[in-house]
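What you are looking at is a predicted structure, and each value in this text was computed from that prediction instead of being measured. Numbered from 1 within each chain, the chains take letters A, B, ... in sequence-line order. Keep in mind that the numbers below use all heavy atoms, side chains included, and drop hydrogens, waters and symmetry copies.
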Amino acid sequence: GAVVSQHPSRVICKSGTSVKIECRSLDFQATTMFWYRQFPKKSLMLMATSNEGSKATYEQGVEKDKFLINHASLTLSTLTVTSAHPEDSSFYICSATTGIETQYFGPGTRLLVL
Amino acid sequence: GQNIDQPTEMTATEGAIVQINCTYQTSGFNGLFWYQQHAGEAPTFLSYNVLDGLEEKGRFSSFLSRSKGYSYLLLKELQMKDSASYLCAVIGSGGYNKLIFGAGTRLAVHP
């Protein structure tokens, strides 16, 4: 149980384009989903907290207009990186929780912006 | 501020025991997690402690002392596949069970 999927697993795009990453909880309903980014050999940095049907809560320093988050249902949240630039290249990971403490992580999406 | 400290790197020998320490200073405390992360993969859940004491789960055990702001992850009978990063994370008081992660400890297991 508690499986979280992400799609795509890997994406390469041109600078200036937008990229959408999907996060799905496959066998449970996620009241809250989280989006993280991770740089090589660094720990996870929380970007935003997403609750179904409400606006995401962004961490300080994260541009909400650049990283659009939509939590359309209890099993799906999407992160759209708008007008991507090379500095947005990173490993993006989502996690989901039922409201009980444990977060279950998706397999991650590796984004490379050329 | 909020701070979680763990050693950057550790090495150990196959079959041995290793203890990875984590100290934390956070505004509020609602539990501490240990996750394992292999390179290029997402973290996988190892343990959760909210009360003081030792939680044992197979080869892995986790200990918590809330008064000392201290936890450790104990790995026994080390295997080569245990080479990974181990992330200590705390749920503070920020709501939504947000996790605050330490920088992670990279463990290398040698034959």
Other residues, nucleotides, ligands: >12 heavy atoms within 6.0 Å of A:Lys66 NZ: yes

Residue B:Glu77 excluded, over 12 heavy atoms near CD under 6.0 Å: no

Shortest non-hydrogen contact between B:Phe45 and A:Thr102, atoms and distance: CD1-CG2, 3.7 Å

Cluster check A:Met33, A:Leu76: I/L/V/M/F/W/Y, side chain < 4.5 angstrom: no

Rounded distance [0.5 Å steps], CD1 in B:Ile4 versus OG in A:Ser43: 8.5 Å

A:Gly108 to B:Ala42 - nearest heavy-atom pair and separation: N-CB, 4.4 Å

Leading residue by heavy atom contact count with chain A [cutoff under 4.5 Å; candidates B:Gly31, B:Gly104, B:Pro43]: B:Pro43

Non-hydrogen atoms of A:Phe91 and B:Glu41 that approach each other most closely: CE2-O, 3.8 Å

Hydrophobic cluster membership, A:Ile93 vs A:Phe34, 4.5 Å side-chain cutoff: yes

Straight-line distance of A:Phe105 CZ to B:Leu87 CG, nearest 0.5 Å: 8.0 Å

Pairwise distance CG(B:Leu99) to OH(A:Tyr36) - rounded to 0.5 angstrom: 4.5 Å

Joint hydrophobic cluster, B:Phe60 plus B:Met80, side-chain heavy atoms closer than 4.5 Å: yes

Within 6.0 Å of NE2 in B:His110, more than 12 heavy atoms from elsewhere: yes

Contacting moiety of A:Leu44, where chain B heavy atoms sit under 4.5 Å: both

Atom group of A:Gln6 that falls short of 4.5 Å from chain B, counting heavy atoms: neither

Linked, directly or transitively: B:Tyr35 and B:Tyr48 (ILVMFWY side chains, under 4.5 Å): yes

